[in-house]
Amino acid sequence: QKEVEQDPGPLSVPEGAIVSLNCTYSNSAFQYFMWYRQYSRKGPELLMYTYSSGNKEDGRFTAQVDKSSKYISLFIRDSQPSDSATYLCAMSGENAGNMLTFGGGTRLMVKP
Amino acid sequence: DSGVTQTPKHLITATGQRVTLRCSPRSGDLSVYWYQQSLDQGLQFLIQYYNGEERAKGNILERFSAQQFPDLHSELNLSSLELGDSALYFCASSVTSGRADTQYFGPGTRLTVL
């Protein structure tokens with residue numbers, strides 16, 4: 001079993017929908033949680049960064065972390081066709097330097 | 001554009017060969033990370049360098065090695081290449097090697113081993 005699990009999708013939604021993307025993890029040492037967006041054949045781009053449990057909002061994006069459930073989420077409001085990409089969750093812990101452990105990614109398609 | 005550059009963009013080579021991938025971090029970043037992204041394994045951490053010294057090692061094969069030079073650019077050397085080494089190789093950089101440091105990814109090098 002992988003340390004970080006993520007539904008690969010694809011997830012197809014109409015433009016304007018609210019999108020919910022999720023990851024579960026097994027390593028309780030993870031303290032830092034990130035969401036990256038990756039367009040086809042491009043490098044991952046950091047979207048959101050949170051520390052420990054709680055919520056963080058940035059424009060149309062909201063990240064939630066529930067450490068008690070080992071579950072993190074990314075919500076995208078008013079989704080746009082330009083949001084079509086693969087979304088990767090990533091985590092790091094206190095005792096692992098700064099190496100990131102990634103989920104497998106969820107492919108999102110927003111249809112006009 | 002993240003400010004991290006990687007060359008070459010594409011590399012096609014044969015089994016048994018050796019290749020070198022190059023990465024230049026963002027201006028001011030001292031830490032460089034290498035990741036491999038394949039269809040079956042996803043994005044996996046290989047190795048980290050900080051200011052010229054190895055800082056952390058992940059699931060990096062013995063056939064692979066890396067170094068960071070005084071000007072802070074880094075090279076990833078892959079030898080005795082196998083078909084399974086075909087993947088996207090990403091370099092990322094951060095200011096320090098701290099736990100809370102944000103990593104910025106380059107555009108990647110696509111390696112195809114025939």
Side-chain angles (χ1 to χ4, degrees), chain A residues 1-10 21 23-54 56 58 63 65 85-107, chain B residues 1-7 9-10 21 23 25-26 29-51 53-60 87-112:
Chain A
Q1 186 182 6
K2 294 183 177 180
E3 272 191 300
V4 181
E5 298 281 356
Q6 191 175 2
D7 187 331
L21 303 166
C23 286
T24 59
Y25 62 96
S26 57
N27 188 346
S28 57
F30 287 142
Q31 296 284 343
Y32 303 91
F33 304 90
M34 287 134 273
W35 285 95
Y36 282 83
R37 177 175 62 195
Q38 186 176 25
Y39 291 112
S40 181
R41 298 175 178 261
K42 302 291 185 183
E45 169 195 3
L46 182 67
L47 281 178
M48 299 290 285
Y49 185 113
T50 53
Y51 170 68
S52 195
S53 286
K56 184 174 182 179
D58 184 1
V65 175
T86 296
Y87 289 79
L88 300 154
C89 62
M91 309 175 187
S92 65
E94 299 286 348
N95 299 318
N98 202 21
M99 62 171 280
L100 296 178
T101 300
F102 282 86
T106 298
R107 186 176 164 214
Chain B
D1 185 358
S2 67
V4 178
T5 61
Q6 289 186 248
T7 56
K9 287 185 179 179
H10 304 279
L21 313 183
C23 167
R26 295 186 320 154
D29 285 0
L30 299 178
S31 206
V32 169
Y33 312 77
W34 286 98
Y35 292 84
Q36 178 193 58
Q37 187 175 38
S38 60
L39 283 175
D40 55 345
Q41 295 292 325
L43 198 56
Q44 290 204 315
F45 169 76
L46 295 177
I47 197 164
Q48 177 198 359
Y49 277 82
Y50 175 72
N51 205 20
E53 295 191 1
E54 182 183 306
R55 184 57 63 100
K57 227 171 185 176
N59 296 323
I60 187 167
L88 268 168
Y89 290 85
F90 289 105
C91 167
S93 73
S94 65
V95 176
T96 69
S97 66
R99 289 183 294 271
D101 234 2
T102 300
Q103 295 182 33
Y104 295 89
F105 282 75
T109 293
R110 181 173 293 277
L111 173 66
T112 302

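To find a chain, count down the sequence lines: A is the first, B the second, and so on, and within it residues start at 1.
- Neither the backbone nor the side chain of B:Asn59 comes within contact range of chain A; no heavy atom of the residue lies under 4.5 Å from a heavy atom of that chain.
- Here the side chains of A:Met99 and B:Gln48 are not in contact, with every heavy-atom distance at 4.5 Å or above.
- A donor-acceptor pair under 3.5 Å is absent between the side-chain atoms of A:Tyr36 and the main chain of B:Phe105, judged by distance alone.
- Of the residues considered (B:Gly58, B:Pro107, B:Gly108, B:Cys91), B:Pro107 shows the highest number of contacts with chain A, using heavy-atom pairs under 4.5 Å.
- For the residue pair B:Phe90 and A:Gly43, the shortest heavy atom distance occurs at CE2-CA, 3.3 Å.
- Taking non-hydrogen atoms and a 4.5 Å limit, the residue list of residues 3-10 of chain A in contact with chain B is empty.
- Per-residue heavy-atom pair counts under 4.5 Å with chain B were compared for A:Arg41, A:Glu45, A:Lys2, A:Lys42, and the maximum is reached by A:Arg41.
- Counting non-hydrogen atoms of other residues, nucleotides and ligands closer than 6.0 Å to CZ of A:Arg107 gives a total of 12 or fewer.
- In this structure, chain B has heavy atoms under 4.5 Å from both the backbone and the side chain of A:Leu100.
- A 4.5 Å side-chain heavy-atom check between B:Gln37 and A:Gln38 finds at least one atom pair inside the cut-off.
- Checked against the 6.0 Å centroid threshold, A:Phe102 and B:Phe45 do not count as a close aromatic pair.
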